[in-house]
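Contents: one structure, followed by commentary.
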Amino acid sequence: MNSDIVTRFAPSPTGFLHIGGARTALFNWLLARHYGGKFLLRIEDTDRERSTAEAVEAILEGLQWLDICWDGDPVFQSSRLRRHVELAENLVKEGKAYYCYCSLEELEEMRREAKAKGLSPKYDGRWRDRDPAEAPPGAKPVIRLKAPSEGNTVLHDVVQGEIIVSNGQLDDMILVRSDGTPTFMLSVVVDDHDMGVNCVIRGDDHLTNTFRHIQIFNVFGWSIPEYGHIPLIHGPDGVKLSKRHGALSVGAYRDMGYLPEAVCNCLLRLGWSHGDDEVISREQATEWFTTENLGKSPSRMDFAKLKSLNGHYMRAADNKRLLDELLRKIGDLPEEKKQRILTGMNGLKQRAKTILELRDMAAVYIDDFTAPAPDAETAEILRKISFLLSSVDDWSEKNLERRVKAFSEEKGVSFGKIAGSLRNALTGKKITPGVFEMLESFGKVEGMRRISAGLL
RNA sequence: GUCCCCAUCGUCUAGAGGUCCAGGACGUCGCCCUCUCACGGCGGCAACACGAGUUCGAAUCUCGUUGGGGACGCCA
């Protein structure tokens, strides 16, 4: 492969961007970028019943969020319908395809019989050489490919290796429906050819389709793209990832507070590896990604690993960006509180593995809090600390800690006890960022207020 | 049912005949660090599905078994 490589992602807009689709898109994108080729986007909206504008929007948004950008404008398959049908009709004229007048009931019957006999259910080709004049009156025909009945169709898959299927296994597929619209089989092949696509990474649920695609490419005499079929992503229980696993759409991952770079990194490691590397930046991925390291065994989505990865990217993320992500979840905040959060962000992001956890952790800076009156011993400590801190001018985490530590040593009061008392007075919580860090974030006025609030 | 694919720790995987009584990461357990929690550091537990071959030698090659997955639409 080289810089002439053209890959594509071709989702059908019948719903959100599926996480598995996102991985497919990522792999194709990576491959194109690696070789300096092109990555195209095609919306396969030939099924008008199920395709929606909202779904198109959701898919584009999902890709953008993951920072997977396509070259040129997306191609809408529906806009190319005329060309697809025209080509099919040409094939009929050339005797390479034919009209079939079978009714749905007839086909149903055929499949039932085949299954009963232990054969693979398929169309028997009964109209292949029959005179269309014998067609039942008024019946609308489909166009079927006159597929080879002898020999094998061979696929040299860049992931799976050589796979051979006997042509007897494949039936004469429908190219154009009885309503005159082209099928997926035809459209995909024509569009891939017209768009110059020469490399296709896709889920291995498409594997059997590929043999049909190859037959169509052959009948047109077009060159066949390289294919790589990657195993599907399964849920934690080993079955195909579905709604019941919760997180199916990339939007769901965003809602759960994951960062796009973490999602990409996680997806990248599902079915692809580069030695022992785990945390892989987009730049490194682009440099390293080839089809050679694609695995052929199915993998399960590991949410624990995603979370760990996300924690890594959270810690590395820009503070202002994290604040923006946080505000996107909870709405805008007064300037003063935003400032507090920003000041405390380093401590916050170190503890939160998702934006949702960041939100929970940041509550100490968002919620107003006044501690209830403490017990006598604690009150005594707080009174002394309050007195000490009131004279502190350098209200920084470092200095505050230094002063309190000195006090602790001098008076022989346990530092842990002091810190615990402060934590409680400041937040009323057991788990928080460091107390001096919080003091700095609150500022002297609010910090002093909280410490002494319960003392009166 | 038919066809196709897959098979290393719980999970993601490294491994392309000897360097593997199998390495990394996540998770888990223990310890250290420590103002709580995290982070970080150190260590433990934990896998080549099974059975035959081929070979001086197999996680790596072949066959079979078992297990898992996918496809069999006038959906894509």
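Lettering of chains follows the sequences in order, A, B, ..., and the numbering in each one begins at 1.
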Please collect all side-chain hydrogen bond (donor to acceptor under 3.5 Å, both in side chains) contacts where either partner lies in residues 411-427 of chain A, sequence neighbours excluded, each pair once.
A:Arg423-A:Thr432

Using the ring-ring contact (aromatic ring centres under 6.0 Å, His included) rule, collect all pairs that involve residues 141-175 of chain A, keeping only residues at least two apart or in two chains.
none

Can you name the residues that form a side-chain contact (heavy atoms from CB on, under 4.5 Å) with A:Pro141, not counting sequence neighbours?
A:Tyr99, A:Tyr101

A:Glu261: partners by side-chain contact (heavy atoms from CB on, under 4.5 Å), with sequence neighbours left out
A:Leu259, A:Tyr313, A:Arg321

Which base, if any, makes a Watson-Crick or G-U wobble pair with B:G1, both distances under 3.5 Å?
B:C72

Please enumerate all residues that pass side-chain hydrogen bond (donor to acceptor under 3.5 Å, both in side chains) together with A:Tyr227, with sequence neighbours excluded.
none

Within the structure shown, what part of the strands sits under 4.0 Å from A:Leu232 by heavy-atom distance: base, sugar-phosphate, or nothing?
sugar-phosphate

The Watson-Crick or G-U wobble partner of B:A7, with both key distances under 3.5 Å, is B:U66

What does B:C61 pair with, Watson-Crick or G-U, if both distances are under 3.5 Å?
B:G53

Return the pairing partner of B:A47 with a 3.5 Å limit on both distances, Watson-Crick or G-U wobble; otherwise return none.
none

Name the pairing partner of B:A22, where a pair is Watson-Crick or G-U wobble with both distances under 3.5 Å, or state none.
none

With a 3.5 Å limit on both atom pairs, tell me what B:G17 is paired to, counting Watson-Crick and G-U wobble, or say none.
none

Footprint string (nucleotides 31-40 of chain B, 5' to 3'): B base within contact, S backbone only, - free, heavy atoms under 4.0 Å
----BBBBSS

A:Phe211: which residues meet the ring-ring contact (aromatic ring centres under 6.0 Å, His included) condition with it, sequence neighbours left out?
none

With a cut-off of less than 4.0 Å, is there a side-chain N or O of A:Arg202 near OP1 or OP2 of B:A71?
no

Considering only NZ, NE, NH1 and NH2 on the basic side and carboxylate oxygens on the acidic side, decide whether A:Arg450 and A:Glu446 come within less than 4.0 Å.
yes

When rounded to the nearest Å, what value does the distance between P atoms of B:G30 and B:G69 take?
35 Å

Between A:Phe184 and A:His84, is the ring centroid distance below 6.0 Å?
no

Side chain of A:Arg144 (C-beta onward), nearest among B:A71, B:C74, B:A76:
B:C74

Please table the atom pairs, donor to acceptor, closer than 3.5 Å between any side-chain atom in residues 273-280 of chain A and protein atoms at least two apart or in another chain.
unit_1, atom_1, unit_2, atom_2, d
A:His274, ND1, A:Asp277, OD2, 2.8
A:Glu278, OE1, A:Arg269, NE, 3.3
A:Glu278, OE1, A:Lys305, NZ, 3.4
A:Glu278, OE2, A:Arg269, NH2, 3.3

A:Asp205 CG to B:G70 C1': how many Å, rounded?
7 Å

Which pairs pass side-chain hydrogen bond (donor to acceptor under 3.5 Å, both in side chains) with one or both residues in residues 351-360 of chain A, sequence neighbours excluded?
A:Lys307-A:Glu357

Looking at B:C39, which nucleotide sits across from it as a Watson-Crick or G-U wobble partner, both distances under 3.5 angstrom, or is there none?
none

Under the side-chain hydrogen bond (donor to acceptor under 3.5 Å, both in side chains) rule, collect the residues that match up with A:Thr370, sequence neighbours excluded.
A:Arg449

Is the Lys NZ or Arg CZ of A:Lys405 less than 6.0 Å from the centre of A:Phe415's six-membered ring, within 45° of the axis?
yes

Give the B/S/- string for nucleotides 5-14 of chain B, one per nucleotide from 5' to 3', where a protein heavy atom under 4.0 Å of the base yields B, of only the sugar-phosphate yields S, and otherwise -.
SSS---BBSS

Give A:Asn209 one of three labels, base, sugar-phosphate or nothing, depending on what nucleic acid heavy atoms sit under 4.0 Å from its own.
base

Please classify the nucleic acid contact of A:Ser187 as base, sugar-phosphate, or nothing, using heavy-atom distances under 4.0 Å.
nothing

Can you check each nucleotide of nucleotides 42-51 of chain B against protein heavy atoms at under 4.0 Å and return B for base, S for sugar-phosphate only, - for none, in 5' to 3' order?
----------

